[in-house]
There are 2 protein chains.
Amino acid sequence: MARYKVGLETQGKILEATRRLLSEVGFEAITVKAICAQAGIQAGSFYNLFATKDEAVLTVVRDAISAFDPDPEGTGNDTVESLVNAYTGFVTKDPELGRVYAQMAVTAALTQDHLAGRIQRHHEQRVERFTSAYVREHPAVPSSLAGHRMEILLGALNGLSIRWSIDPTFDICAHASLMVDELSTTP
Amino acid sequence: MARYKVGLETQGKILEATRRLLSEVGFEAITVKAICAQAGIQAGSFYNLFATKDEAVLTVVRDAISAFDPDPEGTGNDTVESLVNAYTGFVTKDPELGRVYAQMAVTAALTQDHLAGRIQRHHEQRVERFTSAYVREHPAVPSSLAGHRMEILLGALNGLSIRWSIDPTFDICAHASLMVDELSTTP
DNA sequence: GTCAATTTTTAGTATACACTCAATTTTGAA
DNA sequence: TTCAAAATTGAGTGTATACTAAAAATTGAC
């Protein structure tokens, strides 16, 4: 634990370097050596502040996941379209964070128990948020069907964002819009 | 390339060991050493038959996917529903292998160049396959719209399968069916 | 200004990995 | 039976990894 000013600064440098490298090379390819090079420090300094590589990586990823949280304040006035736009806007504006999230969801969630729980809780909250917006807009649709539809919508958004991260020419926004249209037919 | 009987047998042992280990430890943790131990052979034998570790892994994943192909001969008689069932069947029958597949789509594609091309090509072929099935079933829908819809469907399937790998109680088949229904409305 | 606590550096260790190669054994067509 | 091609072995290479330790330098409460 850092106690002096320089120690806290170094901690910040390490986390920033880790964040950047996670974006560049991903969760599985990141190395302590690269983090240290990026932060402009030596390995010994890293291990003076973090017990393991994973500790630094998980700290960054936790923050990245938090960044995906759709407005925890929740005023309750948003629409499905605005929520979708927020998602696609965020993913396309900060693709690296989206990548890290997708990577964590697929690879780390199953091996890191505490992260799996976080990711799942986060997802369920988001489904609820989308569902209540959908029900507000389509009062005729039973809430169970609404829930199913929003589960699909979010699954699709995640899948499309992965597709987009692999192929940046893929028009995720257009596909997301079409998806919203498809799911807005009342029957 | 194996030409003698023993060589073909060894090839089979290697693929079986790879399949088993992929299920047990996953894409990121599998090693050539472990594959060889599981197969009861030495590393040199492995490399006599496979150029790289990835070649064995890719062969296993590709075979697993083919096993659920509703129309392996490519006679053009498959339906969107059968293709979707093939996908969910693949993912739910061997969850770990399904996870490996998703992982490859997210991670390997971004960190390993040679895999990225293969995965993207595989995806595009699949979109074409889904689209032609869709057009066959819905001749009234313009093929460009059909393409968009199938791109969404596959994105959603990928997203839902990741969701399912995190939460095995998630009913991926029901959601996939509903998704097909939603995308079958002609307008 | 002192000096113990903290931070940084330097120079490692140990280990695991994918992959190679020359020597040896096995195969199977003739 | 012969023998070249194929298969196997087992020791080995080089490289990269996470992590450590001791010494030197820096910090900041007093």
Side-chain angles (χ1 to χ4, degrees), chain A residues 1-22 24-61 103 107-108 111-112 115, chain B residues 1-22 24-61 100 103-104 107-116 118:
Chain A
M1 185 73 80
R3 297 203 186 284
Y4 289 177
K5 192 180 156 198
V6 283
L8 289 168
E9 281 169 1
T10 301
Q11 203 169 48
K13 282 188 213 162
I14 290 171
L15 291 175
E16 177 54 33
T18 304
R19 202 198 78 85
R20 183 164 172 178
L21 283 165
L22 272 180
E24 282 172 11
V25 304
F27 178 72
E28 296 177 324
I30 198 166
T31 65
V32 172
K33 192 179 175 184
I35 293 170
C36 293
Q38 181 72 233
I41 58 160
Q42 304 302 316
S45 250
F46 179 95
Y47 284 100
N48 179 51
L49 294 163
F50 295 90
T52 63
K53 181 183 77 165
D54 284 342
E55 192 179 304
V57 169
L58 291 179
T59 300
V60 167
V61 170
Q103 249 175 288
T107 59
T111 51
Q112 313 272 349
L115 268 175
Chain B
M1 186 73 79
R3 297 207 184 284
Y4 289 178
K5 193 181 155 199
V6 282
L8 288 168
E9 282 169 4
T10 301
Q11 203 169 48
K13 281 188 213 162
I14 290 171
L15 291 176
E16 178 53 35
T18 304
R19 187 169 14 250
R20 183 163 173 177
L21 283 164
L22 273 180
E24 280 172 13
V25 305
F27 176 74
E28 74 277 8
I30 198 167
T31 65
V32 172
K33 193 179 174 183
I35 293 171
C36 292
Q38 181 76 55
I41 58 160
Q42 303 302 317
S45 252
F46 179 95
Y47 285 100
N48 180 50
L49 293 162
F50 295 90
T52 63
K53 181 183 77 165
D54 285 339
E55 192 178 304
V57 170
L58 275 172
T59 301
V60 165
V61 173
V100 168
Q103 221 175 309
M104 288 177 65
T107 306
L110 294 161
T111 53
Q112 315 201 14
D113 287 350
H114 60 291
L115 280 178
R118 292 181 84 134

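Below, chains carry the letters A, B, ... as their sequence lines are ordered, and counting in each starts from 1.
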>> Nearest to the B:Leu49 side chain among D:dT8, C:dT27, C:dT6, which nucleotide is it?
In response: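 Within the option list, the nearest is D:dT8.
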>> Nearest to the A:Ala2 side chain among D:dA7, C:dC19, C:dT7, which nucleotide is it?
In response: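 Shortest atom-to-atom distance from the side chain points to C:dT7.
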>> Once rounded to the nearest 0.5 Å, what's the spacing between atom CD of A:Glu55 and atom CG of A:Leu49?
In response: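 Nearest 0.5 Å value for the CD-CG distance: 9.5 Å.
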> How far does CG of B:Asn48 sit from CD1 of B:Ile41, to the nearest 0.5 angstrom?
Replying inline: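 Answer for the CG-CD1 pair, B:Asn48 versus B:Ile41, is 9.5 Å.
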Nearest-angstrom distance from the residue atom [atom1] of [X] to [atom2] of [N]:
{"X": "A:Lys33", "N": "C:dA11", "atom1": "NZ", "atom2": "P", "result": "15 Å"}
{"X": "B:Asn48", "N": "D:dA5", "atom1": "CG", "atom2": "P", "result": "15 Å"}
{"X": "B:Lys53", "N": "C:dA16", "atom1": "NZ", "atom2": "P", "result": "15 Å"}
{"X": "B:Arg3", "N": "D:dA7", "atom1": "CZ", "atom2": "P", "result": "8 Å"}
{"X": "B:Phe46", "N": "D:dA6", "atom1": "CZ", "atom2": "P", "result": "20 Å"}
{"X": "A:Gln42", "N": "D:dT26", "atom1": "CD", "atom2": "P", "result": "15 Å"}
{"X": "B:Ile41", "N": "D:dA6", "atom1": "CD1", "atom2": "P", "result": "19 Å"}
{"X": "A:Phe50", "N": "C:dT8", "atom1": "CZ", "atom2": "P", "result": "12 Å"}

> Nearest nucleotide by nearest heavy atom, which residue falls closer to the 5' end of DNA chain C, B:Lys5 or B:Thr31?
Replying inline: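 Closer to the 5' end of DNA chain C: B:Thr31.
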>> Judged by each residue's nearest nucleotide on DNA chain C, which is more toward the 5′ side, B:Tyr4 or B:Ala51?
In response: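 The residue closer to the strand's 5' end, by nearest nucleotide, is B:Ala51.
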Mind checking [X] for me? I need base, sugar-phosphate or nothing, with any heavy atom below 4.0 Å counting as a touch.
{"X": "B:Gly44", "answer": "base"}
{"X": "B:Leu8", "answer": "nothing"}
{"X": "B:Ser45", "answer": "base"}

>> Check this one for me: any side-chain N or O of B:Tyr47 less than 4.0 Å away from OP1 or OP2 of C:dC19?
In response: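 For C:dC19, OP1 or OP2 has a side-chain N or O of B:Tyr47 closer than 4.0 Å.
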>> Can you see if the side chain of B:Thr10 gets near the phosphate of D:dA7 - specifically, an N or O under 4.0 Å from OP1 or OP2?
In response: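 For D:dA7, OP1/OP2 do not have a side-chain N/O of B:Thr10 under 4.0 Å.
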> Given the rule in the side-chain contact (heavy atoms from CB on, under 4.5 Å) test, do A:Leu15 and A:Phe50 qualify, once you have shown the distances and angles that lead to the verdict?
Replying inline: CA-CA 10 Å; A:Leu15 291 175; A:Phe50 295 90; 3.9 Å; yes
> Under a 4.0 Å N-O cut-off, is there an ion pair linking A:Glu16 with A:Lys13?
Replying inline: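 Judged by the 4.0 Å cut-off on N to carboxylate O distance, A:Glu16 and A:Lys13 do not form a salt bridge.
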> With a 4.5 Å limit on heavy-atom distance, are the side chains of B:Leu8 and B:Gln11 in contact?
Replying inline: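 Answer yes - side chains close enough.
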